[in-house]
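Values below: all heavy atoms of this structure, side chains included; hydrogens, waters and symmetry mates excluded.
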Amino acid sequence: MKIVIVGGVAGGATAAARIRRLDENAEIIVFERSGYISYANCGLPYYIGDAITEPEALTLQTPESFFTRFRVTMKVRHEVTALHPDRKTVSAKNLETGEEFEESYDKLILSPGAKPTQPRLPGVGLEKLFTLRTVEDTFRIKEYINTRHPKSAVLAGGGFIGLELAENLRNLGMDVTIVQRPKQLMNPFDPDMASFIHSEMRRHGIRLALGHTVEGFEEKDGGVDVLLKDEAPLHADMVVLAIGVTPDTALAKEAGLELGIKGSIVVNDRMETSVPDIYAAGDAVQVKHYVTGQDALISLAGPANKQGRIIADNICGGDSRYQGSQGSSVIKIFDMTAATTGINETNAKKAGLDTDKVILSPMSHAGYYPGGKVMTMKVVFEKETYRLLGAQIVGYEGVDKRIDVLATAIHAGLKATELKDLDLAYAPPYSSAKDPVNMAGFMIDNISKGTLKQWHLEDADSLPRDGSVTLLDVRTPGEYSRGHIEGFKNIPVDELREHLEEIEKNKPVYVICQSGLRSYIATCILEGSGYEAYNFSGGFRFYDAVNNDRCLIKTASACGMDQ
């Protein structure tokens, strides 16, 4: 059996190695357009920022080492130019010699990945305008920095690559600005949770120009002007386009394969395309979202590797199935970690789901053990059924651990209320006896039993100030004096029982504290005394962070730049 693979990075390299482990006699040929195989895309920004100093560290295998171990022929600097399903061949070109030839196959695997989205804008193609996808792109940027010593950079795009590159360029001492059309970074996160990411970026000197549309680029004064719609241009010594990726599927389209979202390749759960004996994996394929069941594009290394393995199993006579992508991801943002899994509240509502959520601010480990840090967790679930839909966490230590627990719970089909039952490891340096994941479960269980009734950030402005409801802040007077929501009366929770006569019983009471814990205790006191009480989800800490961020973005829209 002869297998030809187009693309030798995540999905392609994984499929090749797995096929060899299952079939010692198969002939396997991989065509890779770049000069490198099996390289770590996610590590590229860290080489630019000198966190990774050895170029060899970016490549997990070389063509030579891959052949030595797996007897797979890796043809780097070879571009596949056409597919011929009717005669089961591909046309290929040696990019170094110019030689063109055809290669036959019994089975064909497409793993071309995705390419940086290149908008059709004036100035695209300028020398000081870069994209970051391959090892060659990385070396090109690194060489420019080492030889030209740029002092400033504008990054168009605020996704994973944009943020990681911003951090690394900033660590090199450059002035960095991120500009993009949406009014938030990192779209997998809801805008409220993205506020904490914005704050960390600003804290490290990254300027944010959110809600601005890039209209083109011009060389000027030895650098590049980034032209913005209805705003003054942004000037920098270099610009990197990181506005997203597009499935690299021109070959599939020309060969008549069925295509889906943004021209992605449609596959079934065996990763088979619409054409017999052709499989596809990675960023180029359309998948089912594990939570919603809807068609989706999810460009992550984990799914690509799993899909490559599934293809190998099926080619070698097995019956492996891909269950869908959940979108679990994590990113380092200077000192902070941000992670997400499943779907966020915004996309859940777009999908027509009736959602609820809890927001909490637990410590990373036991409060009495030194060094604990607060994290912010948002867990989204479906009303009535309590199906767990997704989670987002922003914090420092322990974020990745909790998101992985929640990702596993979603995959296992646990209800949100069942998070309370998980038996998770505890020792003071690592966690609390009530782990943050358990705490989310306790809160959701209380909601299901009617013990906890909530009000949310989006309700704050619409709460009546005409005396028809009671607005109550149960923090200490000192906390209250440093900032509070207009119209809220201050009665500390520990003094609440002695002041109940000041609160009218025939009016709903909306309660807030710093994190949501004391206000929950206050609602229990009030409910136990005959009141109807609602607890603010997230606490004043959450309210203040999100509103400050919104004010900065609004001000930036007025003056053209977010400081």
Side-chain angles (χ1 to χ4, degrees), residues 192-193 196 356-369 372-379 381 391-399 402 416-417 419-420 422 424 426 428 431-457 459-460 470-485 488-500 503 509-529 531-546:
D192 51 9
M193 295 297 288
F196 295 91
D356 202 351
K357 66 205 171 197
V358 291
I359 299 167
L360 58 158
S361 302
M363 295 288 285
S364 57
H365 60 241
Y368 60 82
Y369 188 88
K373 294 183 178 179
V374 172
M375 65 178 73
T376 303
M377 295 178 60
K378 181 175 184 177
V379 179
F381 57 95
Q392 302 153 64
I393 313 177
V394 180
Y396 299 90
E397 299 171 0
V399 168
R402 274 66 187 216
T417 51
L419 296 176
K420 72 182 190 306
L422 294 177
L424 304 174
Y426 158 63
S431 185
S432 301
K434 297 176 183 177
D435 188 86
V437 175
N438 294 137
M439 289 301 302
F442 294 147
M443 293 171 68
I444 297 167
D445 183 62
N446 284 339
I447 291 171
S448 72
K449 294 174 179 175
T451 309
L452 170 62
K453 296 192 287 286
Q454 298 188 109
W455 64 285
H456 299 288
L457 182 69
D459 304 320
T470 299
L471 307 178
L472 184 62
D473 188 322
V474 296
R475 296 176 296 160
T476 66
E479 290 173 302
Y480 181 83
S481 67
R482 288 191 290 272
H484 58 270
I485 303 176
F488 275 71
K489 179 179 182 179
N490 182 218
I491 302 177
V493 63
D494 293 337
E495 302 172 17
L496 181 58
R497 291 182 178 88
E498 286 70 44
H499 292 269
L500 288 176
I503 304 171
V509 186
Y510 291 83
V511 191
I512 192 171
C513 73
Q514 189 68 12
S515 69
L517 176 58
R518 284 173 289 174
S519 50
Y520 169 61
I521 294 170
T523 62
C524 291
I525 293 171
L526 291 164
E527 290 278 349
S529 302
Y531 294 85
E532 179 186 353
Y534 297 85
N535 184 33
F536 181 74
S537 180
F540 186 79
R541 171 183 172 271
F542 181 78
Y543 171 90
D544 196 41
V546 177

Whether the side chain of Gln454 engages the backbone of Lys357 through a donor-acceptor N/O pair (distance < 3.5 Å, no angle test) should be reported. yes
To the nearest 0.5 Å, atom OG1 of Thr470 lies from atom NZ of Lys489 at 8.0 Å
Spacing of Tyr426 atom OH and His365 atom NE2 [to the nearest 0.5 Å]: 10.5 Å
Donor on one side chain, acceptor on other, Gln514 and Arg475, under 3.5 Å: yes
Do the side chains of Leu419 and Asn438 get nearer than 4.5 Å, heavy atoms only? no
Find the distance between NE2 (His456) and CG (Asp192) and round it off to the nearest 0.5 Å. 10.5 Å
Between Leu422 and Val437, the two heavy atoms sitting closest are CD1-CG1, 4.0 Å
Count the heavy atoms belonging to other residues, nucleotides or ligands that lie under 6.0 Å from CZ of Phe442, then report whether that count exceeds 12. yes
Validation row: Met377, Val394 side chains within 4.5 angstrom (heavy atoms): no
Any side-chain heavy atom of Ile447 sitting closer than 4.5 Å to one from Val358? yes
Mind checking whether Pro428 and Tyr368 have side chains closer than 4.5 Å, heavy atoms only? yes
Those residues at least two apart in sequence (or on a different chain) that pass side-chain hydrogen bond (donor to acceptor under 3.5 Å, both in side chains) with Thr476 are Glu479
Where Ser364 and Gly372 come nearest, the two heavy atoms and their spacing: OG-CA, 3.7 Å
Applying salt bridge (Lys or Arg N to Asp or Glu O under 4.0 Å), name anything that partners Glu527, two or more places apart in sequence or on another chain. Lys453
Quick one: do Asp459 and Phe536 satisfy side chain to side chain contact (heavy atoms under 4.5 Å, CB included)? Show the steps, please. CA-CA 9 Å; Asp459 304 320; Phe536 181 74; over 6 Å; no
Is there a side-chain contact between Val474 and Ile512 in this structure, where contact means two heavy atoms from C-beta onward sitting under 4.5 Å apart? no
So, Arg541 versus Thr376: side-chain donor-acceptor pair below 3.5 Å or not? yes
Closest non-hydrogen atom pair between Phe381 and Ala416, with its separation: CB-CB, 3.8 Å
Between the CG atom in Leu500 and the CD1 atom in Ile525, the distance rounded to the nearest 0.5 Å is 7.5 Å
Minimal heavy-atom distance between Ser537 and Ile359, with the atoms involved, is OG-N, 3.1 Å
Quick check for you: to the nearest 0.5 Å, what is the distance between Cys513 atom SG and Tyr480 atom OH? 14.5 Å
Any side-chain heavy atom of Leu471 sitting closer than 4.5 Å to one from Ile485? no
With sequence neighbours left out, write down each residue that passes side-chain hydrogen bond (donor to acceptor under 3.5 Å, both in side chains) with Asp435, or none if nothing qualifies. Arg402, Ser431
Could you walk me through whether Leu457 and Phe542 satisfy the side chain to side chain contact (heavy atoms under 4.5 Å, CB included) test, starting with their C-alpha distance in whole Å, then the side-chain angles of each, then the deciding distance to 0.1 Å, before giving a yes or no? CA-CA 9 Å; Leu457 182 69; Phe542 181 78; 4.3 Å; yes
How far apart are the closest heavy atoms of Phe488 and Tyr510, and which atoms are they? CE2-O, 3.5 Å
Set of side-chain contact (heavy atoms from CB on, under 4.5 Å) partners for Thr523, sequence neighbours left out: Val511, Tyr520, Ala533, Asn535
Candidate pair Leu472 and Leu526, rule side chain to side chain contact (heavy atoms under 4.5 Å, CB included), full reasoning: CA-CA 11 Å; Leu472 184 62; Leu526 291 164; 4.3 Å; yes
Applying salt bridge (Lys or Arg N to Asp or Glu O under 4.0 Å), name anything that partners Lys373, two or more places apart in sequence or on another chain. none
What distance do Ile444 atom CD1 and Leu452 atom CG have between them, rounded to the nearest 0.5 Å? 10.0 Å
Listed partners of Pro477 passing side-chain contact (heavy atoms from CB on, under 4.5 Å), at least two apart: Asn490, Pro492
